Amino acid sequence: MPELPEVETVVRSVAAYITGQSIEAVTLSSHRVTRGDRDHTIQALVGSTISAVRRHGKQILIELDRGLLYIHLGMTGNLLWNASPGKYSRAVFTLKDGLLVYNDIRQFGRVEFYPETPPHLARVGPDALRIDFPSFFARLKKRQGAIKPLLLDQSILSGVGNIYADEALFAARIHPRTRAGRISQERALKLYRQLQATLKLAIQHRGSSISNHVDARGDPGQYQQMHAVYGRAGEPCLVCGSPIKRIVLGQRGTHYCPRCQRA
DNA sequence: TCAAATGTTTGATC
DNA sequence: GGATCAAACATTTG
């Protein structure tokens, strides 16, 4: 489910429910989602109090009075307030006033406890909404590969996934195969601005619900209705009418308009 | 039955 | 060492 706008939507909706509450009990049922010693993780969590819910890129950081709960939604993770646990519930937190339920069909997500900054954070680059243009441009400059896979590289920039990489490149009229290091400062600035504008607009629409993104209440986002290229292969470009193309780049489906985004 | 799916890590290759 | 690419992970859906 998750790219920056979806994760932000989940963080905002869940924060309103759980901030300030204490954790009274925890059930962890997936050794894939929760690595390591689960009993130890439960022991560390029970009795602590949630002080804040933050996001860095696609990572959710639930700050506790002692330590931190790290959640990554992977591809199919949901974080729901007061939902009934079901077949795909991989973690259930009993809080003072209700249940926080983590569901994840494919189990690509993570629910882990860390006493201090999780090691994952050291591996990821600046958040896509917080990076400034000079460092964005400097990071592009260094690379010679295609821009699309580079936008997906979380160590360069964190938060952008397959949908918003395609949408931002379309908005900036840049072909996904363009070599990153060869993009002029002017065009890079356009990409930077369009990327941030796309992410912010998507947050306003509470993210894209392509398969199973929902917020803490279980409500889907609406931004999928506004996609210009993602998932629109063969359909006419909203700007010029040419059929949207789908290729595979860096193992990911990549959608673009061959006329608006020339190589 | 096959392909594809919002992601990340790991290992191979150049 | 760095960059790049494919495979693997687990499950559903069209």
Side-chain angles (χ1 to χ4, degrees), chain A residues 1-11 29-36 55-60 70-79 86-90 102-112 118-125 127-128 139-169 176-182 195 198-199 202-203 205-215 220-234 246-255:
Chain A
M1 83 180 262
E3 297 186 37
L4 189 154
E6 290 75 37
V7 178
E8 179 67 20
T9 301
V10 169
V11 163
S29 46
S30 166
H31 61 85
R32 292 215 56 81
V33 168
T34 306
R35 307 286 173 97
R55 177 191 64 74
H56 183 97
K58 305 171 189 172
Q59 333 198 43
I60 299 173
Y70 166 87
I71 298 182
H72 194 298
L73 301 169
M75 292 274 265
T76 52
N78 290 140
L79 202 50
K87 185 179 171 189
Y88 300 117
S89 296
R90 314 297 183 182
Y102 178 76
N103 291 336
D104 190 347
I105 292 176
R106 290 170 75 175
Q107 304 180 86
F108 286 179
R110 292 286 183 278
V111 173
E112 290 168 339
H120 316 78
L121 275 188
R123 294 173 163 232
V124 303
D127 185 86
R139 280 157 194 262
L140 296 203
K141 266 285 177 206
K142 274 192 263 179
R143 297 295 207 100
Q144 22 217 341
I147 182 66
K148 159 76 188 276
L150 181 112
L151 290 175
L152 296 182
D153 185 340
Q154 304 297 298
S155 68
I156 299 288
L157 184 73
S158 66
V160 180
N162 208 32
I163 294 174
Y164 299 103
D166 282 0
E167 292 297 319
L169 286 171
R177 245 197 265 274
T178 308
R179 289 181 173 279
R182 296 208 195 143
L195 175 61
T198 302
L199 294 172
I203 291 170
H205 291 269
R206 308 181 68 77
S208 302
S209 290
I210 292 303
S211 71
N212 64 2
H213 157 67
V214 290
D215 67 13
Q222 299 302 321
Y223 194 71
Q224 67 280 3
Q225 295 170 18
M226 297 170 74
H227 291 171
V229 289
Y230 183 86
R232 297 193 64 243
R246 181 185 184 280
I247 59 172
V248 175
L249 238 190
Q251 297 180 286
R252 309 298 300 276
T254 296
H255 315 72

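Keep in mind that the numbers below use all heavy atoms, side chains included, and drop hydrogens, waters and symmetry copies. Not measured: the values here are computed from a predicted model.
When each of A:Arg106 and A:Arg123 is assigned the nucleotide of DNA chain B bearing its nearest heavy atom, the one mapping closer to the 5' terminus is A:Arg106.
Rounded to a whole angstrom, the distance from the P atom of B:dT8 to that of C:dG1 is 25 Å.
Between A:Arg252 and B:dG7 there is a side-chain N or O to OP1 or OP2 distance below 4.0 Å. Regarding contacts with the backbone of C:dT11, every side-chain N or O of A:Lys87 stays at 4.0 angstrom or more from both OP1 and OP2. For B:dG7, neither phosphate oxygen OP1 nor OP2 lies less than 4.0 angstrom from any side-chain nitrogen or oxygen of A:His72. Here A:Arg246 reaches the OP1 or OP2 of B:dA5: one of its side-chain N or O atoms lies under 4.0 Å away. Between B:dT8 and A:Arg110, no contact under 4.0 Å exists linking OP1 or OP2 to a side-chain N or O.
A salt bridge links A:Arg143 with A:Asp153: at least one charged nitrogen is closer than 4.0 Å to a carboxylate oxygen.
Non-hydrogen atoms lying under 4.0 Å from DNA chain B are contributed by A:Gln154, all within residues 139-156 of chain A.
A:Arg32 approaches A:Arg110 most closely through the heavy-atom pair O-NH1, 3.4 Å.
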- request: With pairs defined as Watson-Crick or G-U wobble and both distances under 3.5 angstrom, please note down DNA chain C as a dot-bracket string, | for pairing with another strand.
  value: .||||||||.||||
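C:dT12 atom C1' lies 15 Å from atom CG of A:Asn103, rounded to whole Å. Distance A:Glu6 CD to B:dA5 P: 16 Å, rounded to the nearest Å. A:Ile71 places its CD1 atom 16 Å from the C1' atom of B:dG7, with the value rounded to the nearest Å.
Within the nucleic acid shown, A:Ile210 comes within 4.0 Å of at least one base atom, counting heavy atoms only. Contacts of A:Gln107 with the nucleic acid, taken as non-hydrogen atoms under 4.0 Å apart, involve only primed sugar atoms and P, OP1 or OP2.
Annotation: salt bridge (charged side-chain N to carboxylate O under 4.0 Å, His left out) contacts of A:Arg177 (sequence neighbours excluded): none.
With hydrogens and angles disregarded, no donor-acceptor distance shorter than 3.5 Å links the side chain of A:Glu8 to the backbone of A:Arg55. Judged purely by atom type and a 3.5 angstrom limit, A:His56 uses its side chain to pair as donor or acceptor with the backbone of A:Gly125.
In summary, the side chains of A:Gln107 and A:Ser30 do present a donor paired with an acceptor at a separation below 3.5 Å, with no hydrogens or angles considered.
Here A:Phe108 counts as stacked on B:dG7: its ring centre is under 5.5 angstrom from the base ring centre and the planes meet at under 30°.
Tested against A:Ser89 for a side-chain hydrogen bond (donor to acceptor under 3.5 Å, both in side chains), the candidates A:Asp104, A:Asn78, A:Asn103 yield a single pass: A:Asn103.
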